[in-house]
Engineer: 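Take a look at this one; I'll ask things after.
In what follows, chains are A, B, ... by sequence order, proteins preceding strands, each numbered from 1. These numbers were taken from a predicted model, which means no experiment stands behind them.
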There are 2 protein chains.
Amino acid sequence: MNNIKNLIDDKGVKPTYHRIKILEFLQNNKNHPTADKIYEEIVKYIPTISKTTVYNTLKIFVEKEIIEELTITGNETHYELTEDTGPHHHFYCTQCKTIFDIEAECNQECSKKNDIDGNKVQSYQCYYKGICCNCLRKNNNEMNN
Amino acid sequence: MNNIKNLIDDKGVKPTYHRIKILEFLQNNKNHPTADKIYEEIVKYIPTISKTTVYNTLKIFVEKEIIEELTITGNETHYELTEDTGPHHHFYCTQCKTIFDIEAECNQECSKKNDIDGNKVQSYQCYYKGICCNCLRKNNNEMNN
DNA sequence: GTTCATATTTGTAATCATTACAAATATATA
DNA sequence: TATATATTTGTAATGATTACAAATATGAAC
Ligand SMILES: [Mn+2]
Ligand SMILES: [Mn+2]
Ligand SMILES: [Zn+2]
Ligand SMILES: [Zn+2]
């Protein structure tokens with residue numbers, strides 16, 4: 001909880017109660033939540049918080065590179081801590097709408113570049129879309145009924 | 001124009017006039033247009049076309065894997081032909097909002113997998129976000145004025 | 001502690017891409 | 001031609017995100 005405060009402070013962002021709670025939530029929920037999901041969970045503990053505050057805070061965190069945004073679904077933006085998470089790929093299941101990490105081989109060269117062909121790189125994302133193994137199994141079971 | 005017709009036909013989609021024109025446009029415009037951009041250009045030649053038709057058609061094309069969608073910006077979806085375009089990365093300039101191909105090294109292993117950790121892969125995307133070299137140069141010039 | 005400037009938060013309204021849906025039109029088949 | 005089916009159209013709805021101004025909190029100066 002104190003390292004959270006420092007993480008924010010070090011980037012020149014004032015560590016307010018709301019901001020700390022939002023970042024704490026992202027630290028405890030590594031399942032790439034959306035802004036709405038973050039709001040729905042946090043409003044349980046801070047009933048007066050506004051969804052605008054969540055959006056504002058997430059925007060600041062992204063600018064300061066404290067968190068990263070995943071624009072995979074084309075619908076909602078998902079978020080995750082930049083922190084210790086090394087570069088990794090993602091898998092988006094179009095059936096159960098889950099996003100999870102793919103720990104497998106990640107092209108490290110790509111992910112470390114901050115310049116490519118003279119263009120200044122600020123972030124790098126790789127993802128797969130398809131049907132996750134859970135849904136595959138579920139579909140299979142329904143077939144055999 | 002006839003190969004376009006075949007490209008659609010072979011996937012079991014009826015090659016209507018509208019669909020052919022939309023696919024033709026994507027073949028002639030390799031700059032990853034949005035649905036709105038496609039509509040704005042095509043309505044010049046087919047004044048009666050509806051934007052819903054563009055969306056419907058794009059959705060069908062994506063399902064049939066005739067085209068691919070790029071969900072990079074978090075705002076609008078961009079489209080490109082699957083066709084001959086080998087797997088390649090993309091660069092999205094957050095300043096001029098352009099998306100262009102990165103021909104550089106692409107992890108071929110990743111892009112060819114149709115199964116990863118038991119999950120069924122249907123598509124694979126990699127992209128960089130940052131400031132393109134044109135905008136970098138422009139920004140630099142403005143600094144020195 | 002009061003005053004004042006600034007930063008943060010809130011609530012509501014607007015924006016805008018996309019989708020839902022039903023009516024209209026075209027196409028194919030008998 | 002009559003009829004069923006597929007496609008297209010126009011409009012309304014949806015839903016995530018942003019704009020904006022009012023309210024509140026914070027912090028320094030006095
Ligand atoms: Mn992740
Ligand atoms: Mn491309
Ligand atoms: Zn799934
Ligand atoms: Zn640019």
Engineer: Just call it for A:T77: base, sugar-phosphate, or nothing, with non-hydrogen atoms closer than 4.0 Å on any strand.
Structural biologist: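 Answer is sugar-phosphate: A:T77 comes under 4.0 Å of backbone atoms only.
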
Engineer: Please say whether more than 12 non-hydrogen atoms of neighbouring residues, nucleotides or ligands are located less than 6.0 Å from NZ in B:K64.
Structural biologist: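 No, the 6.0 Å shell around NZ holds no more than 12 heavy atoms from other groups.
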
Engineer: Please say which of A:H78, A:E68, A:H90, A:E69 ends up in a side-chain hydrogen bond (donor to acceptor under 3.5 Å, both in side chains) with A:H32.
Structural biologist: A:H90

Engineer: Output the rounded distance in Å from CD (B:E69) to P (C:dT18).
Structural biologist: 9 Å

Engineer: Could you go step by step and tell me if A:Y92 and A:Y127 meet the ring pair (Phe, Tyr, Trp, His ring centres under 6.0 Å) rule?
Structural biologist: CA-CA 7 Å; A:Y92 170 56; A:Y127 60 80; 8.3 Å; no

Engineer: Tell me: CD1 of B:I8 to P of D:dT7, nearest whole Å?
Structural biologist: 12 Å

Engineer: Closest to the B:Y55 side chain: C:dT18, D:dG10, C:dT10?
Structural biologist: C:dT18

Engineer: If I take atom NZ in residue B:K59 and atom C1' in nucleotide D:dT7, what distance separates them, rounded to the nearest angstrom?
Structural biologist: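 Rounding to the nearest Å, NZ of B:K59 and C1' of D:dT7 are 15 Å apart.
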
Engineer: Please work out if A:T48 contacts a base, only the sugar-phosphate, or nothing of the nucleic acid, heavy-atom cut-off 4.0 Å.
Structural biologist: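 A:T48: backbone/sugar contact only, no base atoms under 4.0 Å.
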
Engineer: Of the nucleotides C:dA7, D:dC20, C:dA17, which has the atom closest to the A:K14 side chain?
Structural biologist: C:dA7

Engineer: Taking the basic N atoms (NZ, or NE/NH1/NH2) and the acidic carboxylate oxygens, is any pair closer than 4.0 Å for B:E142 and B:K138?
Structural biologist: no

Engineer: Is it true that B:K30 and B:D101 have a side-chain N and a carboxylate O under 4.0 angstrom from each other?
Structural biologist: no

Engineer: Look at the side chain of B:T52 against the base of C:dT19 and say whether a donor-acceptor pair falls under 3.5 Å; ignore hydrogens and angles.
Structural biologist: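 Donor-acceptor pair under 3.5 Å: no.
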
Engineer: On DNA chain D, does the nearest nucleotide to B:G74 precede the nearest nucleotide to B:Y17 from the 5' side, or the other way round? Give the residue.
Structural biologist: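 Nearest-nucleotide comparison on DNA chain D picks B:Y17.
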
Engineer: Using a heavy-atom cut-off of 4.0 Å across all strands, would you classify B:N56 as base, sugar-phosphate, or nothing?
Structural biologist: base

Engineer: Could you state the atom-to-atom distance from NZ of B:K51 to C1' of C:dC21 in whole Å?
Structural biologist: 18 Å

Engineer: Can you check the B:I46 CD1 to D:dG10 P distance for me, whole Å?
Structural biologist: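 One finds 13 Å between P of D:dG10 and CD1 of B:I46, rounded.
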
Engineer: Please give, in whole Å, the distance from C:dT9 P to A:Y39 OH?
Structural biologist: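 It works out to 15 Å between those atoms.
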
Engineer: Starting at CG of B:D36 and ending at P of C:dT15, how long is that distance when rounded to a whole Å?
Structural biologist: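 Roughly 16 Å, once rounded to whole Å.
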
Engineer: Any base atoms under 4.0 Å from B:T53, or only sugar-phosphate, or nothing? Heavy atoms, all strands.
Structural biologist: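 Result for B:T53 = base.
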
Engineer: Using whole Å, what does the distance between atom P of nucleotide C:dC16 and atom NZ of B:K37 come to?
Structural biologist: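 Computing the B:K37:NZ to C:dC16:P distance gives 17 Å.
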
Engineer: Looking at D:dT9, D:dA16, D:dA19, which one has an atom nearest to any side-chain atom of A:N75?
Structural biologist: D:dA16

Engineer: Under 4.0 Å from OP1 or OP2 of D:dT9: is there any side-chain N or O of B:H18 that close?
Structural biologist: yes

Engineer: So if I take every side-chain heavy atom of B:R19 and compare against C:dT9, D:dT7, C:dT19, which nucleotide ends up nearest?
Structural biologist: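 Looking only at side-chain atoms, B:R19 lies closest to D:dT7.
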
Engineer: With respect to the side chain of B:T16, which nucleotide from D:dT8, D:dT18, C:dA17 is positioned closest?
Structural biologist: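 Closest of the options to the side chain of B:T16: D:dT8.
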
